[in-house]
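A quick write-up on the structure given underneath.
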Amino acid sequence: MRFQRQTISVEEAVKILLSDLETPREEQVGIYEAAGRILARDITATCDLPPFDRSPLDGFAVRAEDTAGATVDQPVSLEVLETIAAGDVPAKTLTPGTASRIMTGAMLPQGANAVIMFEQTEQPGEWSRQVRVKRSLIAGENLSKQGEEVPIGSIVAKAGERINAGTLAVLATFGYAQVPVVRKPRVGLLSTGPELLEINEPMKPGKIRNSNAIMLAALIAEAGGIPVPLAGLPDELPLVKRQLEECLQDVDLLVTSGGVSVGDFDVMAYLADEPDVTLLFNRVAMRPGTPTTALIYQNKRICALSGNPGACFLGAHLFLLPLVRSLSGERHSQAKRIQAVLGETYDKPCPYPRFLRGRLTEEAGQLIFWPDWNHKAGNLCTMSMSESFGIIPPGGRGKQAGELIEVLPHTMPSWSREG
Ligand SMILES: Nc1nc2c(c(=O)[nH]1)N[C@H]1C(S)=C(S)[C@@H](COP(=O)(O)OP(=O)(O)OC[C@H]3O[C@@H](n4cnc5c(N)ncnc54)[C@H](O)[C@@H]3O)O[C@H]1N2
Ligand code: MOO
Ligand SMILES: [Mg+2]
């Protein structure tokens, strides 16, 4: 199977990888630790919102019928019963001819059915018990009614949503000091290849430093997983299997980089031939990263990405991150493709869709995709500038500048901010 591989599309590969996943487990965290986590359950309103009829203005709570005929020239005089601050419970019930001074957010007194703002009234003196209303009101004017925003029992946030600042405000409003979230998946991280040096090691002939591991760890954490760095794999298959068995016990999913092609030491490719390993796929119609592989071993998924840094980066976005997001309980795990105009011609033919790293700009309402100057699979320095993948369709002669292409944004575009 190492040499005879069946090629499947990116879409098919993602579907296979994400099918029949275990239901994510739930845990409770304090609300101050909940930002960015995924809600494990629907959240319901534990009270009406607003919880009581209240004033949206600083002014006077009145009975609308008492203000009939009031104008600037002929104001209606009402007796002021009390002052109600936000947080107070009103002591007096309005009777005909009376009003209460009321502040924004304060509970409406019994008998009131409208509020008039200070600017539309006058008081003969600062401490006067009289107010002159200069406009007539209709019943219900300027009131926030109990439950008008959300009645008790309504669903206010859904399972599978990522908790953002707005969600936290909702949770706080309804008293959720503890929040039910999905347990973060632990993602084991393994690099293959005896050429790899640690980041702090000096360069040696024939060797390179491991750049994929830290890049993958950052992406895993961003997608809501816990990266668990593991020791590199040995060369011999029985030893590899024994090490994997140990590693897999402690993680929900394993990602490896390198060793998926047809080289003599491409150990992940050999693994696919083992009888107790289920091969999900080992050749995807895409460039870079054609030999990207996925396996199931010991009931756990192994996402075996290509070692080439660019292919590893792309494979992580296309396969690993949707998997991590799904295991994190996120409902929408895949990035959405959008359309943009290609900024400069790319005319290299390719039998498979080619994913170019690059950026989107916006000019006069039109999105334009600009490929990075260097996006070969083995090149890594322009990865830091990549915010989107522009997809050049297979066959033909690539695409000319000005033609529409599909784009897969993966990072907040820098043009969306100014200053
Ligand atoms: N005869 C063929 N050879 C190759 C084919 C092919 O179809 N036939 N495919 C090529 C393609 S396409 C790719 S992509 C690579 C895939 O290689 P592997 O996934 O097996 O990865 P390695 O061989 O381990 O390494 C490839 C490359 O990347 C460097 N590397 C590996 N790990 C890291 C790391 N953690 N950090 C930074 N760089 C890393 C490694 O040194 C190699 O240069 O196979 C082609 N060959
Ligand atoms: O599939 Mo490979 O195109 O060199 O990354
Ligand atoms: Mg290889």
Side-chain angles (χ1 to χ4, degrees), residues 1-10 13 187-201 203-220 227 229-235 237 240 254-273 279 281-295 302-320 346 348-357 371-372 374-384 386 389-392 394 398:
M1 265 189 281
R2 222 157 46 91
F3 291 105
Q4 284 149 13
R5 301 187 182 206
Q6 196 194 335
T7 311
I8 61 172
S9 68
V10 168
V187 186
L189 196 49
L190 258 172
S191 310
T192 72
E195 76 275 32
L196 299 178
L197 297 171
E198 294 298 327
I199 299 165
N200 57 1
E201 283 188 82
M203 288 305 289
K204 291 180 191 150
K207 310 279 187 192
I208 57 162
R209 294 197 185 94
N210 183 348
S211 60
N212 287 345
I214 185 104
M215 181 256 290
L216 291 172
L219 290 174
I220 291 164
L230 302 166
L233 282 181
D235 278 344
L237 203 54
V240 167
L254 186 68
V255 56
T256 63
S257 99
V260 293
S261 186
V262 292
D264 292 349
F265 308 102
D266 282 339
V267 69
M268 298 310 291
Y270 284 101
L271 196 63
D273 284 330
L279 173 67
F281 54 83
N282 61 358
R283 189 172 169 86
V284 184
M286 63 191 250
R287 279 275 160 81
T290 315
T292 302
T293 295
L295 311 163
I302 301 180
C303 200
L305 302 176
S306 164
N308 267 339
C312 186
F313 184 71
L314 174 64
H317 283 95
L318 292 181
F319 306 112
L320 173 65
Y346 186 91
K348 195 170 156 191
C350 180
Y352 299 132
R354 183 181 288 280
F355 291 72
L356 302 177
R357 297 197 297 268
D372 288 345
N374 192 345
H375 40 72
K376 284 190 187 149
N379 293 336
L380 60 86
C381 282
T382 56
M383 254 165 19
S384 64
S386 175
F389 298 110
I391 307 167
I392 305 294

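Numbering of ligands and ligand atoms starts at 1, following listing order. Predicted, not measured: the structure shown is a model, and the values here were computed from it.
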Original post:
With sequence neighbours excluded, what pairs up with F281 under the ring-ring contact (aromatic ring centres under 6.0 Å, His included) test?
Top reply: F319

Original post:
Is G193 in contact with ligand 1, taking contact as a heavy-atom separation below 4.0 Å?
Top reply: no

Original post:
Taking heavy atoms and a distance under 4.0 Å, where does L380 meet ligand 1: side chain, backbone, both or neither?
Top reply: neither

Original post:
So, is N210 polar-close to ligand 1, with some N/O to N/O distance under 3.5 Å?
Top reply: yes

When you check ligand 2 against the protein, what N or O pairs turn up below 3.5 Å? List the atom names and distances, or just say none.
residue, atom, partner, partner atom, Å
ligand 2, 1 (O), G289, N, 2.5
ligand 2, 1 (O), T290, N, 2.8
ligand 2, 4 (O), N308, ND2, 3.3
ligand 2, 5 (O), G289, N, 2.8

Original post:
For L305 and ligand 1, does the shortest N/O to N/O distance drop below 3.5 Å?
Top reply: no

**OP:** Return yes or no for this condition: an N or O of S211 is under 3.5 Å from an N or O of ligand 1.
**Re:** yes

Original post:
So is there a nitrogen or oxygen of G307 less than 3.5 Å from a nitrogen or oxygen in ligand 1?
Top reply: yes

Original post:
For ligand 1, is there an atom lying under 4.0 Å from some heavy atom of V260?
Top reply: yes

Original post:
In terms of atom number and element, which parts of ligand 1 are under 4.0 angstrom from non-hydrogen atoms of S306?
Top reply: 14 (S), 16 (C), 19 (O)

Subject >> Close N or O approach (A311, ligand 1; < 3.5 Å) >> reply: no

Original post:
Which ligand 1 atoms, with their elements, are less than 4.0 angstrom from a heavy-atom of D266?
Top reply: 20 (O), 23 (O)

**OP:** Could you list the atoms of ligand 1 found under 4.0 angstrom from a heavy atom of G258?
**Re:** 19 (O), 21 (O), 24 (O)

Original post:
Which ligand 1 atoms does I208 reach within 4.0 Å, using its non-hydrogen atoms?
Top reply: 37 (C), 38 (N), 39 (C), 41 (O)

Original post:
So which heavy atom in the protein is nearest atom 41 (O) of ligand 1, and how far is it from that ligand atom?
Top reply: E195 OE2, 2.6 Å

Original post:
Just checking, any donor-acceptor pair under 3.5 angstrom between side chains of R283 and T290?
Top reply: no

**OP:** Heavy-atom distances under 4.0 Å are what count here, so tell me which part of P288 touches ligand 1: side chain, backbone, both or neither.
**Re:** neither

Subject >> Option with minimal heavy-atom separation from atom 10 (C) of ligand 1, where the choices are G263, S261, A269 >> reply: S261

Subject >> Any N/O pair R287/ligand 1 closer than 3.5 Å >> reply: no

